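So the structure is just underneath, and the comments pick up after that.
Only heavy atoms go into these numbers, but all of them, side chains included; no hydrogens, no water, no symmetry mates. Below, read A as the first sequence line, B as the second, and so on, with proteins coming before strands; counting in each chain starts at 1. Not measured: the values here are computed from a predicted model.
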2 protein chains.
Amino acid sequence: MNTNLDMNKKVKVSEIAAVAGVSPATVSRVINQREIVKGETYEKVIQAMKQLGCSINESPIPQPASTGLILINIPSLNNPFYGAIIKGARASISRHGYSMLINEGHINPGTIDLLVKTLKQNKVIGLITMNCIETSLIKKLSDTTCVVQCCEYNEDTDLPYVSINDIASAKMAVEHLLAQGKKRIAFINGPFRYKYAKHRLQGYMQALEEAGVPVDQEYIVQLPEIDSDLATSAALQLLNLSEPPDAFFTVSDVYGAAVLRACYLSKRRVPEQVAVVGFDNLEISKSLVPALSTVNQPKSQLGFMAAETLFEKITNPAIPNKKILLDTELIVRESSSL
Amino acid sequence: MNTNLDMNKKVKVSEIAAVAGVSPATVSRVINQREIVKGETYEKVIQAMKQLGCSINESPIPQPASTGLILINIPSLNNPFYGAIIKGARASISRHGYSMLINEGHINPGTIDLLVKTLKQNKVIGLITMNCIETSLIKKLSDTTCVVQCCEYNEDTDLPYVSINDIASAKMAVEHLLAQGKKRIAFINGPFRYKYAKHRLQGYMQALEEAGVPVDQEYIVQLPEIDSDLATSAALQLLNLSEPPDAFFTVSDVYGAAVLRACYLSKRRVPEQVAVVGFDNLEISKSLVPALSTVNQPKSQLGFMAAETLFEKITNPAIPNKKILLDTELIVRESSSL
């Protein structure tokens, strides 16, 4: 990395950050890409550096803003959900003249160091994460580069994010099933470490409680990952209960498709005997047999807004962190339309 | 980029390459990452440089091999096919201690310059492409970094690749439909610029010809992209012919799912009235109603072998370029099992 910091004595970036009252990542940007850091913040960092006895070499750096790279982290390429989000992000990133690469994989104590190394060794000026990440690790990332969270976010940090209201979205889906006259509504959920899983469970419970329908723990299934086979088995098990569910709400269309498959295998008519509503509005969902009702996430917009928020933050680190929740919509198709 | 080439006079990398009889990318690697280029090739380049009046600064570069980045280019994140390939590639790349990022998008005259810039500005030591790329553009990429093609490859270049035998695979699928007693087999193909599309059409035709079944051009549909809606419409149109097909072979499970949907909408029983075989063995295919027969591509292995081939080429550029075709297998499920 082309730092042109004249070190009159050894000073750590973190010390400059502490004196300037900004993040270490902001200090790095002032040093390496100062043309993209706005006036006030820039001045703070320069003053702190002077105070600590180091200064920036004032000769111009032949480095246009657009040499930087934006990195997008997604949990898995196997879930087609992320494709449309990245399409939206790409639209924003191209507009700003930057290039974008994708990092796939979970961020955990075993992978964080390699990711931080990748951020540092390449000209990564900003990171959009879509993973569920421990607070200590997301802080490590935001000390390294500018971070915006998309979909999953940490409620106990002050980072910018763009997401949806999962509680209201899940509630809307379950209220639709109740309105179709369904009473025994099963819920197939994902791993509970995800914010979406916690919030969608809340929305499910709220809808039932407000309708005076008792919550039956037997109808709530928590799966360890987004996997079709697991979900089909779980649904078949529920359909074999002495009092089987008459509807399913699932946190992913992948699970929704698996429930349709379980209904086919156990010879239940959809939606007459069992209604199904998924989540995400994947490309495939409208092609399923029967077509799957779902909660549409504004995927392109999520990606676009996350990237725009990132650029705002990169060019002006002093602005307050934006926390944006976008609206979802219920798409009623054959699988729940009585 | 940290070139430490002592230029006594101006010499282009391409000139050194021509004299040494190696690619310009190899010269770049000798200059920048000489610790990973094997003896004989290294010597050739050094001799050529001496001959042209320039030399490498012999002071050691503090740059371990594992600081390099491997880039994988995929056409689209919307096709879940690529997820499993990348999983395989990741296994190899981790084993070699490198990190990996994904570049999504088509490679064409409008995008090549940004990609080359991205390759140069980051420490990209190798590139795996899964796109269909014009020969002049793939040459531009292989002049910049070490390239291995995966799935799609250019038949008119000498680059290493790992792919499948598309002709034999398509032939196997169509022969299976013929063996089920089907005679009017429609074929839904993808964009013809892809090698896979050309070869699978050949395989389809060969199977029909060998069985003495006349090829009916009306049954062959060429779609411009992998899109469910388009494929459903195309299938419905075929099913409305006065002599509708009694089977479909499609080049993607995404299309296969769309055909199942078209059969549902036009009230045809699958597989009795219409049998369907897709391609790729996507995760979702076994969950469809009915479960979709398909040609399984050894996706993880394709990715793993592509990355292993890349590392062999990086560490020893002088070895002949490997051209590997892996075996596929037919998976017969409900949609074609009579």
Enumerate, atom names and distances included, each donor-acceptor pair closer than 3.5 Å involving a side-chain atom of residues 250-263 of chain B, sequence neighbours excluded.
residue: B:Thr250; atom: OG1; partner: B:Ser252; partner atom: O; Å: 2.8
residue: B:Thr250; atom: OG1; partner: B:Gly256; partner atom: N; Å: 3.3
residue: B:Ser252; atom: OG; partner: B:Val254; partner atom: N; Å: 2.9
residue: B:Asp253; atom: OD1; partner: B:Phe279; partner atom: N; Å: 2.8
residue: B:Asp253; atom: OD1; partner: B:Thr294; partner atom: OG1; Å: 2.7
residue: B:Asp253; atom: OD2; partner: B:Asn281; partner atom: N; Å: 3.0
residue: B:Asp253; atom: OD2; partner: B:Leu282; partner atom: N; Å: 2.9
residue: B:Asp253; atom: OD2; partner: B:Ser285; partner atom: OG; Å: 2.5
residue: B:Asp253; atom: OD2; partner: B:Thr294; partner atom: OG1; Å: 3.3
residue: B:Tyr255; atom: OH; partner: B:Glu225; partner atom: O; Å: 2.8
residue: B:Arg261; atom: NE; partner: A:Lys286; partner atom: O; Å: 3.4
residue: B:Arg261; atom: NH1; partner: A:Leu288; partner atom: O; Å: 3.1
residue: B:Arg261; atom: NH1; partner: A:Glu334; partner atom: OE1; Å: 3.0
residue: B:Arg261; atom: NH2; partner: A:Glu334; partner atom: OE2; Å: 3.0

### Task
Check each atom of A:Asn79 against the heavy atoms of chain B and say whether the ones under 4.5 Å are side chain, backbone, both or neither.
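No part of it gets close to chain B.
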
### Task
Could you tell me which portion of A:Ile72 (side chain, backbone, both or neither) has an atom closer than 4.5 angstrom to a non-hydrogen atom of chain B?
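No part of A:Ile72 comes within 4.5 Å of chain B.
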
### Task
Any chance you could lay out the side-chain contact (heavy atoms from CB on, under 4.5 Å) test for A:Ile102 and B:Glu104, step after step, and finish with the verdict?
CA-CA 8 Å; A:Ile102 298 155; B:Glu104 185 212 17; 3.9 Å; yes

Can you give me the closest heavy-atom contact between [X] and [Y], atom names plus distance?
| X | Y | answer |
| --- | --- | --- |
| A:Arg90 | B:Gly105 | NH2-N, 4.1 Å |
| B:Thr118 | A:Ser99 | OG1-OG, 3.4 Å |
| B:Lys123 | A:Asn122 | N-OD1, 3.3 Å |
| B:Tyr264 | A:Val289 | CD1-CG1, 3.2 Å |
| A:Gly83 | B:Leu77 | CA-CB, 3.6 Å |
| B:Glu283 | A:Asp227 | OE2-OD2, 4.3 Å |

Just list the side-chain donor-acceptor pairs under 3.5 Å for residues 267-276 of chain A, sequence neighbours left out, or say none.
residue: A:Arg268; atom: NE; partner: A:Ser266; partner atom: O; Å: 3.3
residue: A:Arg268; atom: NH2; partner: A:Leu239; partner atom: O; Å: 2.7
residue: A:Gln273; atom: OE1; partner: A:Arg269; partner atom: N; Å: 2.6

### Query
Which atoms of B:Ala231 come close to chain A, meaning under 4.5 Å heavy atom to heavy atom: side chain ones, backbone ones, both, or neither?
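It is neither, since no heavy atom gets under 4.5 Å.
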
### Query
Of the backbone (N, CA, C, O) and the side chain (C-beta and beyond), which part of B:Ile86 lies under 4.5 Å from a heavy atom of chain A, both, or neither?
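It is the side chain, since no backbone atom gets that close.
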
